[in-house]
Amino acid sequence: MNVSKYLPEAVEAKWQARWAHDGTNEVDLDGAPRPFYNLMMFPYPSAEGLHVGNLFAFTGADVYGRFQRLRGYQVFEPIGFDAFGIHSENFALKVGAHPADLIPRNIANFRRQLKRFGGMFDWRHELSTTDPAYYRWTQWLFLQLYRAGLAYRKKAAVNWCPSCKTVLANEQVEGGVCERCKTPVEQRALEQWFFRITDYADRLLANLDDPTTMDWSDTTTTAQRNWIGRSEGAEIIFRVEDHAIPVFTTRPDTLCGATFLVLAPEHTLVDAITTDAQRDAVHAYREAAAAQDLVTRKVGGRDKTGVFTGAMARNPGTGETVPVWIADYVLMEYGTGAIMAVPGHDERDLAFARAFDLPVVRVLAAPGDDAATPITDADMDTADRRLVNSGPYDGLSPGDGAAAISRDLATRGEGRSVVQYRLHDWCISRQRYWGPPIPIIHCDTCGPVPVREEDLPVLLPRIDDFTPDDSGISPLARHQEWYFAPCPSCGAPSRRETDVSDTFLDSAWYYLRYTSTDWDDRAFDADRVSRWLPVASYIGGNEHAVLHLLYSRFVAMVLHDQGLLPFEEPFRRFRAHGLIVKDGAKMSKSRGNVVIPDEYIATWGADTFRLYLMFLGPFQAGGDFRDSGISGPRRFLDKVWELVNRSIREDAHGEIEKAGLARWHRTVKKVTDDYESLNYNTAIAAMMEMLNVLRESNCCERRLVEDFVVMLAPLAPHFAEECWERLGHGTSVFDASWPAYDARLLVDDMVEVVVQVNGKTRGKVTVMRDALESVVVARAREEEGVARNLGTQEIRKVVHVPNRLVNLVVG
RNA sequence: GCUCGGGUGGCGAAACUGGCAAACGCAUCGGACUUAAAAUCCGGUGGGAGGAAACUCCCUUGCGGGUUCGAUCCCCGCCCCGAGCACCA
């Protein structure tokens, strides 16, 4: 037997073939007694193939799945492809190909790479969102939401390129101009489909605080909380003659400082209240605001612009009249689209008041200030303030003032407490080609009518020229046979909805589909779903911390409310992996620092590469990819290889001695804990240390070596299989059981205690475990370095941390 | 601007969440083996001062304060890097 060298290429090919042949990674979805759903975010199959960042994420997730399998779970680890969307479509347009031709090629390449790195995937459940057998159920999902009254249509602004005559996604607008033709982009209002996710805002928020259903990292829950953006405040009614203008404010306490109103340019009351003298100016301003693209409108300059409408409104706090302006810094989609401006205590309102010379009134005074003190930028702060210039409310704190003012407004019918969310309803319409057609037919008499479920899928027809044209609607409208369809309700000639749905809808339920790819008559099977879900571990990138995860949660909640799912939170545990950077910078094509994993795997083997990726930093933090480090893990595997072979030859020789045994048990515990918490880098370090100990003490005890191989298996699966087979086992190492450790053996009998004098280390003594303080101190004083530093000084105080440290305080 | 991460040797990073800072690995230097090189093995390597030497002492976790017997860790005030959000009233 040739044992001199470990040859990854041959070994990895052998085991990949055997896993496929034996169905090692396949799990019985109906019979598993201890199911563990190990999910990772499915990739978008780009033309470039998997990059190191993808592989880092997949490896970390796969290691965890393999670990859980060794701990005795039946682990379901599916994979699929998120292949619809603007990415694919734009790429296809660029290279002059059809996405329907490109995607299968890209998927084939991804599949090859995913097999090569050694993922424990059950390929029988692979899916692609572009497959009609999949998107049929995406369309079905739309219908469920429609039936539940959670899908509706309304006009909403989109970016519009007047030259290309097409809708642009925000990413296609660069500095206010179309990325293709450089024409300034404007806004256009189109009828679009929305989901009422805002109805679920409170539940989506509340569940984040429930540790029994959600074990998520704080960064992710915080991001979701911020995105939902709950604010408590008041809606206050200002009147302009007989028009009521409600405004939303989180600071009703400052009502008496509201010296003007500002409406969003799109506000529906603008026409009604504008005076004849101001009509032309208002009209021009509204036109100009609409001519801006959505990105510039929101992100663009902070310089305040606006126009006076000529109208005056009554401030219900002071009874005085205040001017009504319009300005684009007020957003129609938040609150009521109108604000009461309090320039004394709001930065933006102050900037606006300064720009247009509007009155500024102080209503909050810091200690030492009074009602007459001029406003400064520091007055945007609220700490320690009292109300002034507020009539009966003078002297109250902002909190008490807000309560008192809200109460008084409510009794007069001029206001009420409300909760506002930053979260908007989810616009799922895309005026694009490469997506699932929204299953609606527009009838002149019946209006929008859902396609019958039995008529799904509404197939996306192949259109060779899917370039947007000047019709201003999706290229699908050009496909006459597809576009015209009878109304499902009355049979009259009608037209299909030409918008396709957002890719986020595809990915909002894929984890359900994985469990049920065997059926084409249901989106997901009730028994399967109740056995395998919620997902036990979900790992993915932080870039999806908000939208994808929030939409998935929303969809699960809706399905739960429809009685279709037994749970409302789909992902019990979620962890975001870190980012791999190269030379201190994020990898990107433009920087030219993208690392392609294939060549590294070809050179070093998948196991070494996996080990290297997991060793270069904490999984949840990411790390810096450097070519130089990869030889370390390879040397480690070579040494383990040697140890295994020596153990086979010498078998019973070299039993570990007592101190080494404690070390061994500590290592097993540390490695186990580190896998569980995804700290793979320190798990590897602990195994390296243990290996060094075994080598130094010349120990190759069979039992330990076998356990060592099992502990390494999640990280280096092919390597471990080969070792396991050589050690005489006829079954997969992944059917072995995880090494146990004996808690009683974790500690040594003798411990080293650090001795400090005044907090500085001056020596160390070895004593029996749990030795008494008096014994430790006595021994410590005998230490030369300690005695020297102690001199003749009297010990004032002794700080004793058993088995660890003793600090003698003198002087 | 706001929110969340993060800042530790030449480099990637550890450190039981208050207890020996720098484990593990890379790189590098010296030695062994070799005709030679690679591979492998053994040993050194944060900075400074003293000593012929084994050794001894001082400094060091972005900067400045604080709490504590003791701070990489906790508190206050700054600086820098990364990610996300961004006129949200």
Side-chain angles (χ1 to χ4, degrees), chain A residues 5 217-223 225-227 229 231 233 247-251 254 258 262 297-304 327-331 333-342 346-349 351-352 420-424 541-543 545-546 576 578-579 581 584-586 611-612 615-618 620-633 635-636 638-639 642 666 670 673 679 681-692 695 752-764 784-785 788-789 796-801 804-810:
Chain A
K5 194 90 179 102
S217 48
D218 286 343
T219 50
T220 313
T221 51
T222 311
R225 257 181 224 109
N226 293 343
W227 186 265
S231 311
V247 304
F248 174 70
T249 178
T250 55
R251 300 292 308 283
T254 62
V262 186
R297 165 77 186 271
K298 284 195 168 185
V299 181
R302 300 281 140 127
D303 291 344
K304 295 288 178 286
D328 67 1
Y329 83 95
V330 175
L331 307 174
E333 67 264 24
Y334 186 75
T336 59
I339 62 157
M340 62 176 208
V342 184
D346 182 279
E347 212 180 319
R348 298 151 301 179
D349 297 344
F352 193 81
Q420 270 295 333
Y421 297 94
R422 210 199 71 113
L423 181 70
H424 299 142
N542 239 332
E543 69 273 20
V546 176
L579 212 65
V581 297
K586 192 175 167 177
L611 214 41
Y612 171 63
F615 188 53
L616 58 70
Q620 290 175 85
D624 205 345
F625 187 93
R626 261 160 225 271
D627 295 3
S628 60
I630 198 165
S631 56
R635 283 203 270 262
F636 170 62
D638 283 338
K639 289 175 193 173
E642 187 191 295
R666 279 201 297 270
K670 172 146 184 70
D673 293 348
N679 292 121
N681 57 331
T682 50
I684 295 166
M687 285 188 273
M688 285 174 166
E689 278 182 78
M690 192 65 227
L691 178 71
N692 291 342
R695 282 162 61 88
E752 201 171 63
V753 173
V754 170
V755 185
Q756 295 181 337
V757 177
N758 282 353
K760 297 201 167 170
T761 304
R762 298 298 180 185
K764 45 190 77 167
E784 194 201 319
R788 187 175 50 243
N789 280 282
R796 258 195 344 186
K797 181 176 176 186
V798 174
V799 182
H800 182 230
V801 185
R804 201 181 292 274
L805 167 141
V806 62
N807 185 14
L808 309 174
V809 185
V810 297

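Letters go in sequence order (proteins before strands), and every chain restarts at 1. Note that this is a predicted model, so its numbers are computed, not measured.
Following rounding to the nearest Å, A:E642 (CD) and B:rA39 (C1') show an atom-to-atom distance of 13 Å. Across the protein-nucleic acid pair, A:I684 atom CD1 and B:rA23 atom P stand 18 Å apart, rounded to whole Å. In this structure, A:H424 atom NE2 and B:rC85 atom P are separated by 14 Å, rounded to whole Å. Atom-to-atom, CD of A:E689 to P of B:rA23 comes out at 10 Å; the value is rounded to the nearest Å. The distance from atom CG of A:L579 to atom C1' of B:rA83 is 8 Å, rounded to the nearest whole Å. A:W227 has its CH2 atom 18 Å from the P atom of B:rU3, to the nearest Å. Following rounding to the nearest Å, A:R422 (CZ) and B:rG84 (P) show an atom-to-atom distance of 14 Å. Atom CG in A:N758 sits roughly 15 Å away from atom P in B:rU68 (whole-Å rounding).
As rounded to the nearest Å, B:rG25 and B:rG9 have C1' atoms that lie 14 Å from one another. B:rU8 and B:rC80: their C1' atoms are spaced 15 Å apart (whole Å). Rounded to a whole angstrom, the distance from the C1' atom of B:rG66 to that of B:rG70 is 15 Å. Distance noted for atom C1' between B:rU28 and B:rG12: 16 Å (whole Å). Only the C1' atoms considered, B:rA83 is 27 Å distant from B:rA89, to the nearest whole Å. With C1' as the reference atom, B:rA54 and B:rC59 are 24 Å apart, rounded to whole Å. Atom P of B:rG6 sits at a distance of 13 Å from the matching atom of B:rA15, rounded to the whole Å. One C1' atom belongs to B:rA39, the other to B:rG46, and the distance between them is 31 Å to the nearest Å.
Anti is the conformation of B:rG65, whose glycosidic angle sits further than 90° from 0.
Under the rule for a side chain to side chain donor-acceptor pair (under 3.5 Å), the partners of A:D673 that lie at least two apart in sequence or sit in another chain are A:K669. By the side-chain contact (heavy atoms from CB on, under 4.5 Å) test, A:R225 is found to be paired with A:L205, A:L208, A:D209, A:T221, A:T222, residues two or more places apart in sequence or in another chain being considered. For A:T336, there are no side chain to side chain donor-acceptor pair (under 3.5 Å) partners at least two apart in sequence or on another chain. In this view, A:N758 satisfies the side chain to side chain donor-acceptor pair (under 3.5 Å) rule with no residue, not counting sequence neighbours.
Remark: A:N692 is in phosphate contact with B:rG25, judged by side-chain N or O atoms under 4.0 Å from OP1 or OP2. In this structure, A:S231 reaches the B:rA89 phosphate: one of its side-chain N or O atoms is under 4.0 Å from OP1 or OP2. Within the 4.0 Å cut-off from OP1 or OP2 of B:rC57, at least one side-chain nitrogen or oxygen of A:R762 is found. One finds no side-chain N or O of A:R695 lying less than 4.0 angstrom from the OP1 or OP2 phosphate oxygen of B:rU40. For A:K760, a side-chain nitrogen or oxygen approaches OP1 or OP2 of B:rC59 to under 4.0 Å.
Using a 4.0 Å heavy-atom distance criterion, A:R796 is classed as making no nucleic acid contact. Among the protein residues, A:N226 comes within range of the sugar-phosphate backbone only, with heavy atoms under 4.0 Å from sugar or phosphate atoms but none that close to a base.
When all heavy atoms are compared, the tightest approach of A:V342 to A:D349 is N-OD2, 2.9 Å.
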Taking it one step at a time, do A:I339 and A:Y329 satisfy side-chain contact (heavy atoms from CB on, under 4.5 Å)? CA-CA 10 Å; A:I339 62 157; A:Y329 83 95; 3.7 Å; yes
Verify side-chain contact (heavy atoms from CB on, under 4.5 Å) between A:E642 and A:R695, making sure each step is shown before the conclusion. CA-CA 10 Å; A:E642 187 191 295; A:R695 282 162 61 88; 3.5 Å; yes
Could you give me the CA-CA distance, side-chain angles and deciding distance for A:T254 and A:M340, then say whether side-chain contact (heavy atoms from CB on, under 4.5 Å) is met? CA-CA 10 Å; A:T254 62; A:M340 62 176 208; 3.7 Å; yes
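Of the two residues contacting RNA chain B, namely A:V809 and A:R635, the nearest-nucleotide position lying further toward the 5' end is that of A:R635.
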Whether each nucleotide of nucleotides 13-20 of chain B has a protein heavy atom under 4.0 Å at its base (B), only at its sugar-phosphate (S) or at neither (-) is summarised, 5' to 3', as SS-B--BB
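With contacts defined as side-chain heavy-atom distances shorter than 4.5 Å, the pair A:D624/A:L616 does not qualify. Side-chain contact between A:V806 and A:V801 is absent, with no heavy atoms from C-beta onward closer than 4.5 Å.
Ring geometry for A:Y612 versus A:F625: interplanar angle over 60°, hence perpendicular rather than tilted (30 to 60°).
For A:D328, the side-chain atoms get nearest to B:rC87 when compared with the rest of B:rU3, B:rC87, B:rC58.
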Dot-bracket summary - RNA chain B, pairs being Watson-Crick or G-U whose distances fall under 3.5 Å, with | when paired to another strand: (((((((..(((......[....)))((((((.......))))))(((((....)))))..(((((..]....))))))))))))....
